[in-house]
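Quick note on labels: first sequence line is chain A, next is B, and so on, each numbered from 1. Just so it is clear, the model here is predicted, and its values are computed rather than measured.
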There are 2 protein chains.
Amino acid sequence: MKTDNIQRQMKKGVLEMCILAIISRREVYTSDIIEKLKEAELIVVEGTLYPMLSRLKSAGYLEYSWRESKYGPPRKYYQLTEAGSEFLNNLEGSWGKLVNSVENIVEKNTNHE
Amino acid sequence: MKTDNIQRQMKKGVLEMCILAIISRREVYTSDIIEKLKEAELIVVEGTLYPMLSRLKSAGYLEYSWRESKYGPPRKYYQLTEAGSEFLNNLEGSWGKLVNSVENIVEKNTNHE
DNA sequence: ATATAGAACCTTGCATTGCAAAGTACCCCA
DNA sequence: TGGGGTACTTTGCAATGCAAGGTTCTATAT
């Protein structure tokens, strides 16, 4: 159990929410998302993101449109669907509950030395 | 992607921290831990907890001592090791960072309607 | 034309791990 | 001796983050 794994494990389950949140702000493509996450110090790599976006698309939470780029092949720009907005709301609710639960447990144990 | 899975996915990675936090308060055995988690509305079942405790034990973060019970077979009461305390501190640090990161991402997108 | 570089997308395989379900072992009491 | 309750353990499955490798497209230099 390495320290490296800690952040990784914890990220699980909130990544979808973060990605949907980023897309909800404005249409973005994959590299934009990676950059936004990096700004928030949540490192994510392509191998994680592409399958994730596919899953969210299959689930009906996302759509995309192709746009050309001057610097390379065309890009997939993602947008949230109605269902995606709802889902994001649910995720944010669950996240809030989880944060509360964890604080209940952890704070009781903090020995303020 | 069912709503049922949301909480489950998010729980991943913080469970270890919560369990260590609970054990750090006082010596407990498995059923105690389940009950404490339930109080905080973090439902965990035996099939999750036992392998987890074994992992934490193998990693050197926990020790246990057997104690007899009036009501059944003896119980394993867990205590944190030195390494376990350190690890718990790390986890709490990572957790704090993650909460900040997520808030950075999510709050920027909240349209306070 | 051809080669090179770089951007963007996608796929495969692995390791981790929460969980359901089934199994084992112990204790008490009638 | 048998039944019920408690506790611990194991097996197999499904989900998923990620490393690594691959394909396709554009632009630029030769």
Side-chain angles (χ1 to χ4, degrees), chain A residues 1-20 27-35 37-38 42-59 61-62 64-78 91 94 98 101, chain B residues 1-20 27-35 37-38 42-59 61-62 64-78 91 94 98 101:
Chain A
M1 205 167 308
K2 296 164 199 156
T3 306
D4 293 348
N5 286 344
I6 303 177
Q7 286 263 11
R8 171 141 60 104
Q9 278 308 311
M10 289 191 172
K11 262 192 321 193
K12 282 192 182 187
V14 299
L15 271 185
E16 281 173 359
M17 176 175 66
C18 292
I19 289 167
L20 290 175
E27 291 192 10
V28 287
Y29 79 112
T30 315
S31 297
D32 289 334
I33 297 176
I34 291 177
E35 191 167 339
L37 290 171
K38 195 182 293 175
L42 273 178
I43 306 303
V44 172
V45 295
E46 287 189 331
T48 300
L49 206 48
Y50 280 105
M52 212 156 182
L53 290 169
S54 293
R55 280 201 304 275
L56 292 168
K57 166 85 169 41
S58 309
Y61 299 138
L62 291 180
Y64 59 79
S65 35
W66 289 99
R67 289 209 208 145
E68 294 183 358
S69 159
K70 286 181 187 171
Y71 311 104
R75 304 163 171 175
K76 275 186 175 178
Y77 277 81
Y78 287 91
L91 288 170
S94 293
L98 180 65
S101 295
Chain B
M1 206 167 309
K2 295 166 201 157
T3 305
D4 292 348
N5 286 344
I6 304 177
Q7 284 266 11
R8 169 140 61 106
Q9 278 308 310
M10 290 191 172
K11 262 192 319 193
K12 281 192 183 187
V14 298
L15 272 185
E16 282 174 358
M17 177 176 66
C18 292
I19 289 167
L20 290 174
E27 291 192 10
V28 286
Y29 80 113
T30 314
S31 297
D32 290 333
I33 297 176
I34 290 176
E35 191 167 340
L37 289 172
K38 195 182 293 176
L42 273 179
I43 306 303
V44 172
V45 296
E46 287 189 331
T48 298
L49 207 47
Y50 280 106
M52 212 159 184
L53 290 169
S54 293
R55 281 200 302 274
L56 292 168
K57 167 84 168 43
S58 309
Y61 299 138
L62 292 181
Y64 58 79
S65 36
W66 289 99
R67 290 212 207 141
E68 294 183 357
S69 158
K70 285 181 187 171
Y71 311 104
R75 304 164 172 176
K76 278 184 174 178
Y77 276 81
Y78 287 92
L91 288 170
S94 293
L98 180 66
S101 295

Output the rounded distance in Å from [atom1] ([X]) to [atom2] ([N]).
{"X": "A:E35", "N": "C:dA8", "atom1": "CD", "atom2": "P", "value": "11 Å"}
{"X": "A:D32", "N": "C:dC9", "atom1": "CG", "atom2": "C1'", "value": "14 Å"}
{"X": "A:M10", "N": "D:dC18", "atom1": "CE", "atom2": "P", "value": "14 Å"}
{"X": "B:E16", "N": "C:dT17", "atom1": "CD", "atom2": "P", "value": "6 Å"}
{"X": "A:I33", "N": "D:dG17", "atom1": "CD1", "atom2": "P", "value": "14 Å"}
{"X": "B:L53", "N": "D:dA7", "atom1": "CG", "atom2": "P", "value": "14 Å"}
{"X": "A:L49", "N": "D:dT16", "atom1": "CG", "atom2": "P", "value": "15 Å"}
{"X": "B:R67", "N": "C:dC27", "atom1": "CZ", "atom2": "C1'", "value": "18 Å"}

- Task: For A:E16 and B:Q9, run side-chain contact (heavy atoms from CB on, under 4.5 Å): C-alpha distance rounded to whole Å, both residues' side-chain angles, the deciding distance at 0.1 Å, then the answer.
- Result: CA-CA 10 Å; A:E16 281 173 359; B:Q9 278 308 310; over 6 Å; no
- Task: Identify, with sequence neighbours excluded, every residue that meets salt bridge (charged side-chain N to carboxylate O under 4.0 Å, His left out) alongside B:E27.
- Result: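 If we apply the salt bridge (charged side-chain N to carboxylate O under 4.0 Å, His left out) test to B:E27, skipping adjacent residues, the hits are B:R67.
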- Query: Who pairs with B:E35 by salt bridge (charged side-chain N to carboxylate O under 4.0 Å, His left out), at least two apart in sequence or on another chain?
  - Reply: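 Listed in chain order: nothing, the list is empty.
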- Item | Base versus backbone protein contacts along nucleotides 25-30 of chain D [heavy-atom cut-off under 4.0 Å; B, S, -] | BSS---
- Item | Phosphate OP1/OP2 of D:dA7 contacted by B:S31 side-chain N/O (<4.0 Å) |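 So the side chain of B:S31 is within the cut-off, an N or O lying under 4.0 Å from OP1 or OP2 of D:dA7.
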- Item | For B:S65, side chain to side chain donor-acceptor pair (under 3.5 Å) partners two or more places apart | B:Q79
- Note on the structure: Across all chains, not counting sequence neighbours, the side-chain contact (heavy atoms from CB on, under 4.5 Å) partners of A:Y64 are A:K57, A:W66, A:K76, A:Y78
- Message: Applying side-chain contact (heavy atoms from CB on, under 4.5 Å), can you list everything that pairs with B:S69, at least two apart in sequence or on another chain?
- Response: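 If we apply the side-chain contact (heavy atoms from CB on, under 4.5 Å) test to B:S69, skipping adjacent residues, the hits are B:Y71, B:R75.
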Under 3.5 Å, side-chain donor or acceptor atoms of residues 44-52 of chain B against the rest of the protein: list the pairs with distances, not counting sequence neighbours.
none

- Is a side-chain N or O of A:K11 found less than 3.5 angstrom from the main chain of B:G13, in a donor-acceptor match?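 Flag not set: sc A:K11 to bb B:G13 has no pair under 3.5 Å.
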Between protein and nucleotides 10-16 of chain C, what N or O pairs are separated by less than 3.5 Å?
residue : atom : partner : partner atom : Å
C:dC10  : OP1  : A:K76   : NZ           : 2.5
C:dC10  : OP2  : A:K76   : NZ           : 3.4

- Query: Is A:L42 close to B:L98 at the side-chain level, that is, under 4.5 Å between some pair of heavy atoms?
  - Reply: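 When only atoms from C-beta onward are counted, A:L42 and B:L98 do touch, with a gap below 4.5 Å.
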